[in-house]
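First the structure, in the form of structure tokens, and then the observations on it.
Residue numbers start from 1 in every chain, and the chains themselves are labelled A, B, ... in the order their sequence lines are given, proteins ahead of strands.
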Number of protein chains: 4
Amino acid sequence: MPKDQTAIHPRKRPRQARAAATFDAILEAAARILEKDGFDSVNTNAVAELAGVSVGSLYQYFPTKESILAELVRFYRNVLKEKVESAVAWGMDKTLEETIDLLLDAAVSHQLERPELALALEQVESILPLDKETLALTQTMVDNVEMLLSAHNVSNPGEASRDIVALVRGIVDAAGLAKEVDQAAIHRRVRRAVFGYLA
Amino acid sequence: MPKDQTAIHPRKRPRQARAAATFDAILEAAARILEKDGFDSVNTNAVAELAGVSVGSLYQYFPTKESILAELVRFYRNVLKEKVESAVAWGMDKTLEETIDLLLDAAVSHQLERPELALALEQVESILPLDKETLALTQTMVDNVEMLLSAHNVSNPGEASRDIVALVRGIVDAAGLAKEVDQAAIHRRVRRAVFGYLA
Amino acid sequence: MPKDQTAIHPRKRPRQARAAATFDAILEAAARILEKDGFDSVNTNAVAELAGVSVGSLYQYFPTKESILAELVRFYRNVLKEKVESAVAWGMDKTLEETIDLLLDAAVSHQLERPELALALEQVESILPLDKETLALTQTMVDNVEMLLSAHNVSNPGEASRDIVALVRGIVDAAGLAKEVDQAAIHRRVRRAVFGYLA
Amino acid sequence: MPKDQTAIHPRKRPRQARAAATFDAILEAAARILEKDGFDSVNTNAVAELAGVSVGSLYQYFPTKESILAELVRFYRNVLKEKVESAVAWGMDKTLEETIDLLLDAAVSHQLERPELALALEQVESILPLDKETLALTQTMVDNVEMLLSAHNVSNPGEASRDIVALVRGIVDAAGLAKEVDQAAIHRRVRRAVFGYLA
DNA sequence: GATGAATGAGTCTTCATTCAT
DNA sequence: GATGAATGAAGACTCATTCAT
């Protein structure tokens, strides 16, 4: 439910090694607090302390609390985006089934790596006033699936891609929430839903 | 991401008409703020003002801020739970297809009635330290679906019911988020996913 | 050097006696700190403490630190404005000399009552982004002098009134700064400057 | 409203050309920020950046933020002081009127050169804990005027010089504040006030 | 019971100053 | 000497909750 224009971008990208370490430490600290205690517990003092830096340093890199969380969203979305893009690129001359399996691997492993964090970041996305670029990362994934479906002559690929992304997310989120860890099992079930939908 | 033991229940259920009106006004005010401005904007002073009562009165009914939101979750969960239960009861001697259509009607119309609120309440559920009873409401829905699937000899009904509830939620949430309003269209797509899964 | 749009008005005017006492206590505390330690020492915690109220209470009445100081400016400007207006009104059928003496009495006694405060408030005026109404209070005084000069056929009353107000302020400020306390002496010297200018 | 004993002097006067350039760049940067955004916006990081040096270098020359502003005050005061002194020296064998005109030229042009800066520096003077030497610069000007008045047998030259300096400042400040730029016009009006006073 | 004034712990953020490289 | 990353004390402001009237 974005509303106003809080600064949402890092103040500066680190150039030197030391600075990069500080930058990363801050992001990782925020991620840890987010997955352990939830959105409301992410406060700049706690993040700085866990990162082992002073608040002052935190504010050298991030102009607002929100910008830290937004950067975290960007970072994790980007990781997934790249997996999805390379899967779709790789799959251009493969069967639809093979490519979808690769995509589902990406989605499931991405969610299961740090399930609490993945869940919490979805919350953050809906709370923060994210900018176009960041929201575009999410859209990119839908777009890639649409490209894939089109290439394989699936009818109404726009609607189908949106629904598939949504249902996969639904099942994978629920699995993460239920603290399931068996990726193969989850994969099998998501697979059933996706291919059922497409059948 | 529940953490500590904040009071999560109303201080007392209203007995008299006037008290009930106040109680409801507070819940509705919280709902309005939640759907309009999001979780972070729900604060007791704002809720009391919008409800047209003093903070003092608000605290007569609700011991903590969390108890207001928790009660809101309970209320909306309950509405859905009752629709689901009656659908399943009614469907005991109908075809699986007919009953599932009824369930999906319930789910879709529930979400689309106040889509912003439905979405926000899901956030609240994941932020608040809800108690067993409240969480049980969610479980009840899964249980009902499982009963239904069992009654129709679907294999592995436990897993299937969880997945179906999850994928329906995934698609319906995404539709709400995308501000779609055509319930019939959404129903058709969710239907495709569910029956595809079951096929 | 006003720049942006900080809130500059009280959140609410007190209605009850207790509230009025709090409101006044806050203004007086701000005034005391201002005259004793200067603009930079006026901070909301210090003001609240000296006023004997909590920061929370302070913020019930004043939305920003600036709004406290702005209200203080308004209050003191208003006092002077009223003295000036009544002097000019009273003087409509008197000689110019008599009326100017009355005005100078007002100006000198106003400045000498709390000289440090008067000086500090002039600083505040130049630092704060005051609104039109507040700035109009200052203008009112020039306007009144202009009316007076016009009524007595002084040539170029607009320029003269501005210059007279400015030179009076210059001398009276300097006297306050030099911790002079003999109002009669100051009056005599300001008188000499004003009548010299008009001669 | 001086309070404590912050270091108020440069760490060292620059001896080499490059150091002098840095020193001046810092002062000029502070002046620019002061006149553009006001006292509260003068912070050491901003000054260093605008001056094109690192904070570290800034602190090589100035031990505290205050010392920068104090030096700025000293610098501009000194410029005026020298004009005043040479005017008075030159005027020793001229008429009072001629000399005063020269003094007023100095005062008016000094103020109108960078009016925002002149005004801001007056604020700084009243905020900063300036030391005796610096305050003495102001006194020097009064003293010079007193010498002049004495030399021309004006009665009570001490009081008169203080009043004249004060009323000139009052009118000239007001003109600067009103963004007037016609130096001749201002000169004419100040002249009227001064000679009126002396008449 | 109802009111709303009062409380103060908790957060965000800035900026003068230091110091390792 | 110069650099700029790091520090942390200080200050503005919010909001859940209490309690005198």
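When the side-chain nitrogen and oxygen atoms of C:Lys12 are compared with OP1 and OP2 of E:dG4, none of them lie within a distance under 4.0 Å. Taking side-chain N and O atoms only, C:Tyr59 has no distance below 4.0 Å to OP1 or OP2 of F:dT14. Taking 4.0 angstrom as the limit, C:Thr22 places none of its side-chain polar atoms (N or O) nearer than this to OP1 or OP2 of E:dA5. Using a 4.0 Å cut-off, some side-chain N or O of A:Thr44 falls inside it from OP1 or OP2 of E:dC12. For E:dT7, the OP1/OP2 oxygens have a side-chain nitrogen or oxygen of C:Ser54 closer than 4.0 Å.
Using a 4.5 Å heavy-atom cutoff, the side chains of D:Ser67 and D:His9 are not in contact.
Summarising the geometry, the separation between CZ on D:Phe39 and C1' on E:dT14 is reported as 15 Å, rounded to the nearest angstrom. Atom-to-atom, CG of C:Leu50 to P of F:dG11 comes out at 15 Å; the value is rounded to the nearest Å. In this structure, D:Asp37 atom CG and E:dT14 atom C1' are separated by 16 Å, rounded to whole Å. Between A:Asp40 atom CG and E:dT11 atom P the separation is 10 Å, expressed in whole Å. Atom CG of B:Asn43 and atom C1' of F:dC15 are 6 Å apart (whole Å). Whole-Å rounding puts the C:Ile8 CD1 to F:dA12 P distance at 14 Å. As rounded to whole Å, 18 Å separates atom C1' of F:dG11 from atom CZ of C:Phe62. Atom P of nucleotide E:dG1 and atom CZ of B:Phe23 are separated by 15 Å, given to the nearest angstrom.
Mapping B:Val42 and D:Asn45 onto DNA chain F via the closest heavy atom, the residue that lands nearer the 5' end is D:Asn45. Nearest-nucleotide positions on DNA chain F place D:Arg18 closer to the 5' end than the other of D:Arg18 and A:Leu58. Nearest-nucleotide mapping onto DNA chain E: of C:Gly52 and A:Ala46, the residue sitting toward the 5' end is C:Gly52. If you find the closest nucleotide of DNA chain E to C:Gly56 and to D:Glu66, the one lying nearer the 5' end belongs to C:Gly56.
For D:Lys65, counting side-chain heavy atoms from C-beta on, the closest listed nucleotide (E:dT18, E:dA16, F:dT14) is E:dA16. Minimum atom distance to the side chain of D:Ser57 is reached by F:dT3, of the listed E:dG8, E:dT17, F:dT3.
To the nearest 0.5 Å, atoms CD1 (B:Ile26) and CG (B:Leu50) are separated by 11.0 Å.
The partner of E:dT21 is F:dA2, judged by Watson-Crick or G-U wobble contacts that both fall below 3.5 Å. Shown here, E:dT7 forms a base pair with F:dA16; the pair counts as Watson-Crick or G-U wobble because both key distances fall under 3.5 Å.
Using a cutoff of 4.0 Å between basic side-chain nitrogens and carboxylate oxygens, D:Glu116 and D:Lys36 are not scored as salt-bridged. Residues D:Arg74 and D:Glu125 are not paired through a salt bridge, judged by the lack of any N-O separation under 4.0 Å between the basic side chain and the carboxylate.
Here the side chain of A:Arg11 pairs a donor or acceptor atom with the backbone of A:Tyr59 at under 3.5 angstrom.
Two rings, from C:Phe39 and D:Phe39, have their centers 6.0 Å or more apart.
Note on C:Tyr61: only backbone sugar-phosphate atoms sit closer than 4.0 angstrom, heavy atoms only; bases stay farther off. Using a 4.0 Å heavy-atom distance criterion, D:Arg11 is classed as making no nucleic acid contact.
Judged by atom type and distance alone, A:Gln60 reaches the base of F:dA6 through a side-chain donor-acceptor pair under 3.5 Å.
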